[in-house]
A.B. asks: 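So that we are looking at the same thing, I have put the structure below in structure tokens.
A note on names: the letters A, B, ... follow the listed sequences, proteins ahead of strands, and every chain is numbered from 1.
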Number of protein chains: 2
Amino acid sequence: MKASVGKGLSRSIEDYLKVIYKLEADSGSAQTSAIAEALAIAPPSVSGMVKRLAEAGLLEHSRYRGVRLTEAGQHQALRILRRHRIIESYLIEQLEYDWHNVHQEAERLEHAVSDALIDRMDQALGRPSHDPHGAPIPTPDGEIETIHYVPMTDLDVGSAGQLRMVGDKDSERLRFIASLGLRPGVAFDVVARQPFHGPLTIRLEGGREEVIGYELANSLQCERSGGDAK
Amino acid sequence: MKASVGKGLSRSIEDYLKVIYKLEADSGSAQTSAIAEALAIAPPSVSGMVKRLAEAGLLEHSRYRGVRLTEAGQHQALRILRRHRIIESYLIEQLEYDWHNVHQEAERLEHAVSDALIDRMDQALGRPSHDPHGAPIPTPDGEIETIHYVPMTDLDVGSAGQLRMVGDKDSERLRFIASLGLRPGVAFDVVARQPFHGPLTIRLEGGREEVIGYELANSLQCERSGGDAK
DNA sequence: ATTGGAATTTAACCTTGCCTAAACTAGAAT
DNA sequence: ATTCTAGTTTAGGCAAGGTTAAATTCCAAT
Ligand SMILES: [Mn+2]
Ligand SMILES: [Mn+2]
Ligand SMILES: [Mn+2]
Ligand SMILES: [Mn+2]
């Protein structure tokens, strides 16, 4: 915790922090190769940057083992995440963007907007708690709702659930999800499920049934709601 | 005209082109030192970049003499200018920004927005022809209205005019201009003028009179309207 | 206990954009 | 014509952020 304050962080650094934050959040720690993979750069580039980030007090590095964000690093990561999610929300709500188009735009804009602009957008949106993909929006001072959703594939046949969150990166997948009438908040019952990672069938409000492949279903983060089965 | 197509231009390059365009537009040509001054960097940095831009076919350089944008260079410059001005308009119209706050924000955002986003903003604004400071907005294919305004200091006593355009860089000046009730479109009569670069007095609609220092008046771009004097 | 890989780090190098100090014009002023 | 100088360019450096190739190191499997 030393040079981390002062200037703004570079676009590169901000993207590193965001990626590391996510890896840490759902894999426990962030490996060099995973970071490289996520940023689509070569592993030695990561080693180099990691050194600089450690010197800046944004993370701690145990050689050959991986990396963990410091308080300061997490705080920065959450700041970017907030920007990203507010921007995505704004583009959809106010500028007629489609679900599947916003991510790329946000990926660039998140580094260029001021705090003031983010606040204006946030205000125009009515200070939403979640973005259009269902992801929680961190507060200005770095609080974020801890999520405890389960993949749709974890729900038993006969149980009911609500879709809560979908990934925002894969544009084609989003397009398809939307075409099924699925979006965060939609309630459903699990009607059937085939073994061996087979597809599952759900019934939506209104009675329409949809068959969903395992891989896709596994990417749909859901909340169990009072089961209506047996 | 060779490498200029392909990737997007860097933020630095885009700002160079914009600055050169403006210098060329109102000083005929763009000198190294003027560019350096406008970008707040050292002259040798400009020499270096100029070489690269010339190689990229964005401008032509005559040693020790200055620089002129090629067609390609102008086109790029106008593209950024369009972005800048639409962004400024959008921030004011849709996000409650003040006149004097938008420039800095736009200076960063202009490099991060996509063509699609600019078009959405443009559409939300109703495809305006001028930005809030009165500057013409280039079309998507690089056309721009040629302006032929005169500084307020060129108007004779007794003549009438309309304020058409003000500079967007100086935040404090904008704040002050607004406090006088001046903004593009406002009509006035020149009531009096002191010699030796002294202040001039104008009468606004409603009869209120304001005294304006020479330097400020000289920065206010106006259009003469049917004089109402003798 | 040894060893073979996969992951990681180091080494060496590149481009972009900036810097300062030194060398060089072009043109104005003698 | 010569000289002076302001403006420009060259030379040499530096930091950021990337690359590939070579050296390490951890760990899992014999
Ligand atoms: Mn996203
Ligand atoms: Mn990004
Ligand atoms: Mn501006
Ligand atoms: Mn800019």
A.B. asks: Would you mind checking if B/Glu110 and B/Lys18 are paired as a salt bridge, meaning a charged N to carboxylate O distance below 4.0 Å?
C.D. replies: yes

A.B. asks: Select base, sugar-phosphate, or nothing to describe what A/Arg63 touches, counting heavy atoms under 4.0 Å on all strands.
C.D. replies: sugar-phosphate

A.B. asks: What distance separates A/Ile212 CD1 from A/Phe176 CZ, expressed to the nearest 0.5 Å?
C.D. replies: 8.0 Å

A.B. asks: May I have the distance from B/Leu39 (atom CG) to C/dT16 (atom C1'), rounded to whole angstrom?
C.D. replies: 15 Å

A.B. asks: Once you round it to whole Å, what is the distance between P of C/dC18 and CG of B/Leu53?
C.D. replies: 11 Å

A.B. asks: Determine, for B/Glu24 against B/Arg68, whether the closest basic-nitrogen to carboxylate-oxygen distance falls under 4.0 angstrom.
C.D. replies: yes

A.B. asks: Angle class for the A/Tyr90/B/Tyr90 ring planes (parallel below 30°, perpendicular above 60°, tilted otherwise)?
C.D. replies: perpendicular

A.B. asks: Will you find, in the side chains of B/Asn218 and B/Thr153, an N or O donor that is under 3.5 Å from an N or O acceptor?
C.D. replies: yes

A.B. asks: Any carboxylate oxygen within less than 4.0 angstrom of a Lys/Arg side-chain nitrogen, looking at B/Asp122 and B/Arg82?
C.D. replies: yes

A.B. asks: Whole Å only: how far is the CG atom of B/Asp15 from the P atom of C/dG17?
C.D. replies: 11 Å

A.B. asks: Answer yes or no: is there an ion pair linking A/Arg79 with A/Glu14, defined by an N-O contact shorter than 4.0 Å?
C.D. replies: yes

A.B. asks: List the steps and the verdict of side-chain contact (heavy atoms from CB on, under 4.5 Å) for B/Ile137 and B/Arg127.
C.D. replies: CA-CA 9 Å; B/Ile137 298 176; B/Arg127 318 255 178 231; over 6 Å; no

A.B. asks: Do the side-chain N or O atoms of A/Arg65 get closer than 4.0 angstrom to the phosphate oxygens (OP1, OP2) of C/dT9?
C.D. replies: no

A.B. asks: Return the value, rounded to whole Å, for the distance between atom CE of A/Met49 and atom P of C/dT8.
C.D. replies: 18 Å

A.B. asks: Atom OH of B/Tyr64 to atom P of C/dC24: distance rounded to whole Å?
C.D. replies: 9 Å

A.B. asks: Of A/Thr32 and B/Tyr16, whose nearest nucleotide on DNA chain C comes first from the 5' end?
C.D. replies: A/Thr32

A.B. asks: Please determine, by modelled atom types, if A/Asp15 and A/His111 share a side-chain donor-acceptor pair under 3.5 angstrom.
C.D. replies: yes

A.B. asks: Can you list, by residue number, the residues of residues 40-48 of chain B that have a non-hydrogen atom closer than 4.0 angstrom to DNA chain C?
C.D. replies: B/Ile41, B/Ala42, B/Pro44, B/Ser45

A.B. asks: Phosphate oxygens OP1/OP2 of C/dT16: is one of them under 4.0 Å from a side-chain N or O of B/Ser12?
C.D. replies: no

A.B. asks: Check the distance between C/dG17's C1' and B/Ile13's CD1 and give it to me in whole angstrom.
C.D. replies: 10 Å

A.B. asks: Closer than 4.0 Å, any side-chain N/O of B/Arg11 to the OP1 or OP2 of C/dC18?
C.D. replies: no

A.B. asks: Shoot me the first and last contacting nucleotide of DNA chain D against chain B, ordered 5' to 3', at under 4.0 angstrom to non-hydrogen atoms.
C.D. replies: D/dG7 to D/dT10

A.B. asks: For the pair made of CD in B/Glu14 and P in C/dG17, what is the distance, rounded to whole Å?
C.D. replies: 11 Å

